[in-house]
Each structure stands twice: as structure tokens, then as C-alpha cells.
Amino acid sequence: MASVPGREVVFARGEGVWLYDEQDRRYLDATASLWYCNVGYGRAELADAAAAQLHVLHAYSTFDVYANRPALELAERLAAIAPIEDAVVFLGSGGSDAVDTAGKLVRRYWQLRGRPERTIFVARAESYHGMHVFGTSLAGIAPNAAGWGTLVPDVRHVPLDDPAALGELLEREGERIAAFVGEPIVGAGGVIPPPDGYWAEVQRLCRAHDVLLIADEVVTGFGRTGPWFACERYGIEPDIVTGAKGVTSGYLPLGVVLCGPRVRELLWARDAGPFRHGYTYSGHAAACAVALANLDLIEREGLRERVRALEPVLAATVAGLADVPLVGATRCAGLLAGVELDAGARAAVPGLAERAVVRLRERGVLTRALVGHSLQLSPPFTISAEELAQIGEAIAAVLGELHAELEAEGVMSAR
Ligand code: PLP
């Protein structure tokens with residue numbers, strides 16, 4: 001908190017993949033802000049959709065019998081594209097509250113099933129599920145869960161990408177396990193796609209032990225990997241999907257929870273009683289109108305096809321960095337990539353990734369350090385191949401420069 005004053009970068013406007021600060025310096029946004037500005041900046045039709053709805057009815061509660069047309073239409077639209085048959089939809093204001101909602105749906109589900117002892121959530125090491133209390137409790141990025149005192153009890157973590165460890169946990173404690181939650185591709189933990197067969201095995205284990213499966217698609221949803229949801233990419237058939245970010249490209253805040261038949265049959269049953277949960281802005285009319293316009297835009301401009309076409313370009317861009325000094329590994333899936341810095345270099349130079357991010361910004365490229373080891377690349381879907389190449393060149397130049405300086409300082413040995 002104390003390190004920011006005096007160093008603020010104040011953005012004034014955006015256009016396409018470019019941001020402009022108050023001094024009119026321009027920056028190429030390699031991360032789509034926090035993974036959300038998927039259709040790019042300055043989309044007048046999304047502003048117009050919001051304004052039109054704000055003029056007639058900005059919002060009204062969706063508790064009890066109340067609804068509004070954009071919320072109803074959005075729920076229908078989401079059910080139609082969900083990676084779940086006959087999905088029902090719960091609307092909120094962001095990814096963290098979607099995760100909280102999913103957590104409470106799961107706990108309620110097992111109460112209604114007459115199995116209240118099934119309270120344990122299983123999450124993965126390196127995972128990120130937002131900043132509310134459920135998400136903080138589920139966090140596999142250890143520092144995010146530390147320093148708060150008691151969080152939601154009954155969370156277990158399994159190593160990333162290790163179905164055998166999950167299998168052992170289920171053998172041991174399966175009768176008490178409520179749900180497994182995972183990001184199809186780990187995002188904030190460093191952009192880590194799953195190994196082949198990982199999700200098929202997780203799904204098999206969850207089914208065998210009657211455990212609910214939650215796919216947290218807050219980053220991967222709404223076309224980020226090509227299909228509407230990464231569940232399709234990996235053949236995941238989840239019971240619950242959480243989403244946010246790309247549903248509106250961030251033009252207004254919105255979060256969604258999609259529920260499949262298992263959850264729906266109990267919680268939406270006549271004798272289920274009330275689900276005592278909901279947010280002031282659940283089904284916010286203007287946010288829903290923007291989401292509808294954003295989904296229209298993605299379809300009309302063929303942006304999911306564009307993601308598919310650009311994936312090999314981004315993959316080649318980061319693969320081309322493999323021999324650049326200070327690069328340890330690179331990963332890519334859809335329009336998501338991570339450039340991991342060499343472990344030895346990071347050990348020798350604390351804060352190396354953060355330094356690279358500052359240098360890149362000075363060169364006019366915005367990226368982010370993930371968990372201190374990887375640079376995040378998750379550009380708007382509208383980025384061009386030339387702009388992707390520009391990002392790659394900037395990273396190569398900055399890391400080359402940093403390496404030469406560290407060598408001159410005697411911190412690093414020659415490569
Ligand atoms: N889940 C995942 C996988 C995320 O990456 C995020 C945010 O980055 C969240 C949940 C939380 O979303 P929000 O920041 O909108 O609350």
C-alpha cells in the first residue's frame with residue numbers, strides 16, 4: 001500500500017488494444033487489464049447498450065418474484081452456451097462472489113441430500129479463486145490464504161496436475177468431500193495448462209466418489225481459449241461453472257454461476273426451501289444489457305474463431321522466447337500465455353519479474369508478474385499478429401537488457 005503513492009500510472013482512455021495515460025503516452029495492453037477486456041477498449045456499442053438501459057431502468061432487485069428483461073435474456077443466453085445441459089443461472093457482480101455463491105450452493109446441496117457431513121472442498125495448489133472468503137480459503141497460492149486468521153474450514157489442497165493425489169484423498173476422506181474446484185487452466189498461478197488426460201481423470205474420480213465438480217472459468221470463459229468455455233476444450237462436464245470478466249469484457253461488472261441438473265434438481269425443487277443468498281446487484285439490468293451486447297459482438301466479429309487463429313501465433317511468439325536470457329519456460333493455451341523466468345535468476349535477483357514488468361511498461365507494453373515467476377500474456381481477442389510480435393520483441397529486448405546489466409553488476413554469470 002505504501003509503495004504506490006507518487007508512482008501512479010493514470011490512464012485516460014483506451015482504443016483497441018492500446019491504452020493512453022494522462023500524458024498521452026500509449027501502451028499496448030498485453031493482459032487485457034485483469035484478463036477481462038476481451039473485445040478491446042473504446043467499444044461504443046457497449047457504452048451505448050449500457051446508456052440505453054440506464055435511461056429506461058438502470059436496475060431493480062431480482063429477489064423474490066422480481067426480474068428485468070436483460071437479466072432474463074442473459075440467463076437464457078448463458079444457458080444456451082453453457083458447457084452443461086439445461087443449465088440454470090445465478091447472476092452476481094464478479095468472480096469472487098460467483099465463487100462464494102458456488103461454495104454455498106454446494107454446501108446447501110449436501111444438506112438437502114441429507115449428507116451434511118460432506119463439507120470438504122478440494123482445490124489445487126497454485127489455484128486462484130478470488131478474494132472473498134470462500135475463494136481466499138480455496139486459494140492454492142499460499143500467500144493469498146495466509147495472514148487472515150481462520151477462514152472457511154474444511155478445505156484440502158492437492159498438488160497441481162496430480163490426479164493420483166486426488167484419488168488417494170478421495171479414498172481416505174471421500175465420504176466427507178463435497179466438491180472439487182479447479183480452473184481448467186491455472187491463471188493467476190502462472191498460466192499453467194493441464195497435462196493431457198488430467199481433466200478426464202479428475203472427472204472420473206469425482207463421479208466415482210459422488211463429488212461435485214466446479215470449473216472456475218472466470219478467466220477461461222467466454223472465448224479466451226476458443227470455445228465459449230474451456231470445459232469444451234478439455235471435455236470437462238462440470239456440475240457448476242463460475243464466470244465473470246469476459247462476460248462483459250469488463251465494461252460493467254458481472255459474475256455468473258451456471259448450475260447443471262444435479263444441483264438444479266435439489267436446489268430448485270419445490271420443497272427445497274429458500275436459498276438464503278443473493279446480492280444487491282444480482283441481475284443488474286444495465287450490466288446484463290452490456291453482457292448481451294458483448295456476447296453479440298463476440299459472435300458478430302467471429303472473435304472466438306479469431307482466438308483459434310491467433311493461438312498458434314501467440315504460441316510461436318512465446319516459444320520463440322525460449323532462448324532469450326533469463327527465460328526458464330513458456331506456456332500457452334488459447335490467448336493465454338506465461339513466460340516463466342529462470343529459477344536460478346529469480347533466486348539470485350529477488351523481484352526480477354516485477355523489474356521486467358516495469359521495464360516493459362517503460363517501453364510501452366503492459367504485462368504483469370504472476371506469483372513472482374511468470375509474465376502474464378492474455379491480450380484482447382482483437383490483437384493483431386503484428387502486435388503479438390511487438391510484445392514478443394519487447395520481452396526479448398527487456399530481458400536481454402536486464403541480463404546484460406545483471407552480468408555487469410556481477411549478479412549473474414555469463415550465459
Ligand atoms: N476465479 C478466478 C479463476 C479468477 O482468476 C478470478 C480473478 O482473477 C476470480 C475468481 C475472482 O474474480 P473477481 O476478481 O472478479 O472477483
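As a basis for the values below, the full set of heavy atoms in this structure was taken, side chains included, without hydrogen atoms, waters or symmetry mates. First listed ligand is number 1; within each ligand, the first listed atom is number 1.
- When ring centroids are compared, Phe121 and Phe180 stay outside the 6.0 Å threshold.
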Report task. Using the side-chain hydrogen bond (donor to acceptor under 3.5 Å, both in side chains) rule, take Thr248 and Tyr251 through it: C-alpha gap first, then chi angles, then the decisive distance, then the call. Result -> CA-CA 6 Å; Thr248 58; Tyr251 277 73; over 6 Å; no
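- A salt bridge is absent between Glu301 and Arg306; no separation between the charged side-chain nitrogens and carboxylate oxygens falls under 4.0 Å.
- Proximity of Arg118 to Tyr109: side-chain heavy atoms (C-beta onward) are nowhere separated by under 4.5 Å.
- Annotation: cation-pi geometry satisfied between Arg304 and Trp228 (NZ/CZ under 6.0 angstrom from ring centroid, within 45° of ring axis).
- The residues lining ligand 1, counting any heavy atom closer than 4.0 Å, are Gly94, Gly95, Ser96, Tyr128, His129, Gly130, Glu183, Asp216, Val218, Val219, Lys245.
- Legend: residues meeting side chain to side chain donor-acceptor pair (under 3.5 Å) with Thr101, ordered by chain and number and at least two apart, are His277, Tyr279.
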